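Given the structure is predicted, the values throughout are model-derived calculations rather than measurements.
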Amino acid sequence: MRLGFFEYPKRVRLEELAEMFGVTKVTLDRHIRNGLRKILRGDSGFHCEL
């Protein structure tokens, strides 16, 4: 979050983050989406009402 991926406009692109983590862009995108899905569904123990 400190790098600004979730800000608008983004301060860092997905490609840059993937390179930092040593994974492909597709892999990082999948991890981010799965994590967000778990949070929004309540699977993470974190409660979020939208």
Which donor-acceptor pairs under 3.5 Å do the side chains of residues 5-12 make with protein atoms, sequence neighbours left out?
residue, atom, partner, partner atom, Å
Glu7, OE1, Arg11, NE, 3.3
Glu7, OE2, Arg11, NH2, 3.4
Lys10, NZ, Phe5, O, 3.0
Arg11, NH2, Arg2, O, 2.7

- Message: Can a donor-acceptor pair be found, under 3.5 Å and without considering hydrogens, that links the side chain of Glu19 to the backbone of Glu16?
- Response: no
- Taking the side chain as every heavy atom from C-beta outward, state whether Met20 and Leu17 have any atom pair closer than 4.5 Å. yes
- Rounded to the nearest 0.5 angstrom, the OG1-CG distance for Thr24 and Leu14 is 9.0 Å
- Message: Go through it in stages, so that I can follow the logic: the residues are Asp29 and Lys25, the test is salt bridge (charged side-chain N to carboxylate O under 4.0 Å, His left out), and I'd like the CA-CA distance, side-chain angles, deciding distance and then a yes or no.
- Response: CA-CA 6 Å; Asp29 183 61; Lys25 181 174 73 169; over 6 Å; no
- Closest approach of Leu28 and Ala18, non-hydrogen atoms and distance?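 So the minimum-distance heavy-atom pair works out to CD2-N, 3.4 Å.
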